[in-house]
Amino acid sequence: MICPMFAVKSAATRRPGAAADASFRQNRAVTRMRLVDKFAILGLSVSLTLIGCTSQGLNQPSVSMPTSNSSVTSGLVTNAPLETATSSQTLPVYWLGTSSDDVFLYREFFPAQTSDDPIVAALRVMMGGEALDPDYFSIWNNPSRLGASISAKNVITIDISADAFGNKVDEGIASRSISQLVYTATAAAAMSGLVDTTTSIQVSVLVDGHTGYNAFGHVVLDKPLTRDADFIAPVWIIDPANNSSFNTLPLKVGGQAVSPTGNLAWSLAHVVGDTVGEQYLSGTVTIPQGPNELGEFSFNLVPPPGEYQLSVYVEDSTVPGKKLGLDTKLVTISEPSTK
């Protein structure tokens, strides 16, 4: 499938993912990647911004890691804490997202709409659903069969049919996709109180009831797996969710990040239609845990009514203007309710 959606960078930049929204809804995208810096994807060495590419089924193009995969922020995250138990009926789902010449894991929450086991329900969304943020993607196929169980030793066993692995990807995307499954399964188990979060949680993946399957042709599933902290996004806006609307202020921004300096930069830019325009506000925020430590950040904004793109990132001290670990969210501020 050919992906023709390219746009030259300019002062007014197309919002990432916006041009592909119609195609995404029509084709149930299983791949969507965003270009933050100049690099080649699928062998294309062009200085363009990739807006989006969607396809479905077994005859999709290969999905590959960015060719200039030398991100300064890669490997800064050294631990991946589990989610905490909650009484709310929500499903944690991890997705892949491209930022700063690398691919990382990001989490979203979805309402639980079935009576399925929470692990199975979350994995069903991950493999057959759509991310709320168009910058995130998944290369899994919706499997014809999926089951989960938990042993007394805190081992989650996922049994999945081989049709889930039908897409062609490179080793980097394959490893991250298996990690995506591990993170989603352990998050769902932890939030629903099904596992003891004070001890290590492992995930064993069976394919059609057997161990040792070569997933995506790159990852042999012959032993239990744990969370790999290297794949967690270095900057990650948790609130607000993408496409959120608010009629009360302040707009509360929160997330988790790691930075070599312990500081992050943020900006708020006007959005008109599908185009990101002038920057309205900008500033910095400190990660309380300090330099090179994964921690939570938060700040409040009081913008006038309008549609905005919120960006949070690490400023590259060696390349002025370069944004490392960039994460963005689209938000709408409406007039306060008079009721």
Side-chain angles (χ1 to χ4, degrees), residues 5 14-34 36 50-56 63 83 86 88-99 103-114 116 118-119 121-142 176-177 179-181 183-185 187-188 191 231-233 235-247 251-257 266 268-269 271 273-274 276 307-313 325-334:
M5 301 178 184
R14 295 283 288 179
R15 176 173 60 83
D21 285 347
S23 177
F24 185 91
R25 290 190 296 269
Q26 180 180 359
N27 298 310
R28 290 184 63 89
V30 293
T31 64
R32 183 185 301 270
M33 299 188 73
R34 166 173 62 127
V36 175
L50 180 61
I51 300 300
C53 171
T54 66
S55 58
Q56 181 183 9
V63 177
E83 287 74 3
T86 176
S88 63
Q89 298 298 306
T90 56
L91 300 173
V93 177
Y94 280 82
W95 306 98
L96 305 186
T98 302
S99 181
V103 177
F104 298 104
L105 294 176
Y106 299 83
R107 185 192 61 210
E108 292 182 328
F109 292 104
F110 293 80
Q113 298 179 334
T114 71
D116 284 345
I119 300 173
L123 291 175
R124 281 289 184 193
V125 176
M126 185 196 85
M127 296 175 181
E130 300 172 356
L132 301 174
D133 190 322
D135 293 340
Y136 301 161
F137 67 96
S138 178
I139 54 80
W140 290 89
N141 286 338
N142 196 11
R176 285 158 175 77
S177 296
S179 195
Q180 177 193 7
L181 180 149
Y183 270 85
T184 298
M191 286 187 62
F231 295 152
I232 282 292
V235 180
W236 173 8
I237 302 172
I238 297 175
D239 293 307
N242 195 63
N243 279 328
S244 295
S245 297
F246 302 89
N247 59 9
L251 172 63
K252 297 180 179 181
V253 180
Q256 69 176 31
W266 60 264
L268 196 68
V271 175
D274 290 338
V276 179
E307 189 173 10
Y308 299 92
Q309 179 176 274
L310 170 67
S311 302
V312 180
Y313 52 92
L326 174 69
D327 194 17
T328 64
K329 302 294 179 187
L330 189 67
V331 296
T332 300
I333 308 297
S334 57

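As the structure is a computational prediction, the values presented were derived from the model and not from experiment. When a residue number appears, it is its place in the shown sequence, counting from 1.
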Open item on the list: Could you go through Lys252 and Asp239, starting from their C-alpha distance and side-chain angles, then the distance that decides it, and tell me whether this counts as side chain to side chain contact (heavy atoms under 4.5 Å, CB included)?
Closed with: CA-CA 7 Å; Lys252 297 180 179 181; Asp239 293 307; over 6 Å; no
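Listed for the Ser334 side chain is a donor-acceptor partner under 3.5 Å among the backbone atoms of Phe246. A donor-acceptor distance shorter than 3.5 angstrom exists from the side chain of Ser99 to the backbone of Leu326, with no hydrogens or angles considered. A donor-acceptor pair is defined here as one N or O able to donate and one able to accept, closer than 3.5 Å; such a pair exists between the side chain of Asp327 and the backbone of Ile237. Remark: side-chain polar atoms of Asn142 are not paired, donor with acceptor, to backbone N or O of Met127 under 3.5 angstrom. Side chain of Thr86 to backbone of Met191: no donor-acceptor contact under 3.5 angstrom is found.
Ala188 and Ile119 make their closest contact through CB-CA, 3.9 Å (heavy atoms, listed as atom of the first residue, atom of the second, distance). For Phe104 against Ala233, the heavy-atom pair with the smallest separation is CB-CA, 3.5 Å. Ala131 and Tyr136 make their closest contact through CB-CB, 3.8 Å (heavy atoms, listed as atom of the first residue, atom of the second, distance). The shortest heavy-atom contact between Val276 and Ala269 is CG1-CB, 3.8 Å. The two residues Leu105 and Arg176 come nearest to each other via the heavy atoms CD2-O, 3.9 Å. The minimum heavy-atom distance linking Gly325 with Val235 is given by the pair O-CB, 3.0 Å.
Aromatic ring pairs are classed by plane angle as parallel below 30°, tilted from 30° to 60° and perpendicular above 60°; the pair Trp236 and Tyr106 is perpendicular.
Rounded to the nearest 0.5 angstrom, Lys329 NZ and Leu268 CG are separated by 14.5 Å. Here the straight-line distance linking atom CG of Asn242 with atom CG of Leu330 works out to 5.5 Å at 0.5 Å rounding. Separation of atoms CD (Glu108) and CG (Leu132) is listed at 4.0 Å; rounding is to 0.5 Å. With rounding to the nearest 0.5 angstrom, the CD atom of Glu307 is 4.5 Å from the OG1 atom of Thr332.
Side-chain contact between Phe137 and Val103 is present, with heavy atoms from C-beta onward closer than 4.5 Å. Within the 4.5 Å cutoff, no side-chain heavy atoms of Gln113 are placed close to those of Leu91. A heavy-atom distance below 4.5 Å is not found between the side chains of Tyr313 and Thr328. At a threshold of 4.5 Å between non-hydrogen side-chain atoms, the residues Arg107 and Tyr183 do not count as touching. Side-chain contact check for Trp95 versus Asp133: every heavy-atom pair is 4.5 Å or farther apart.
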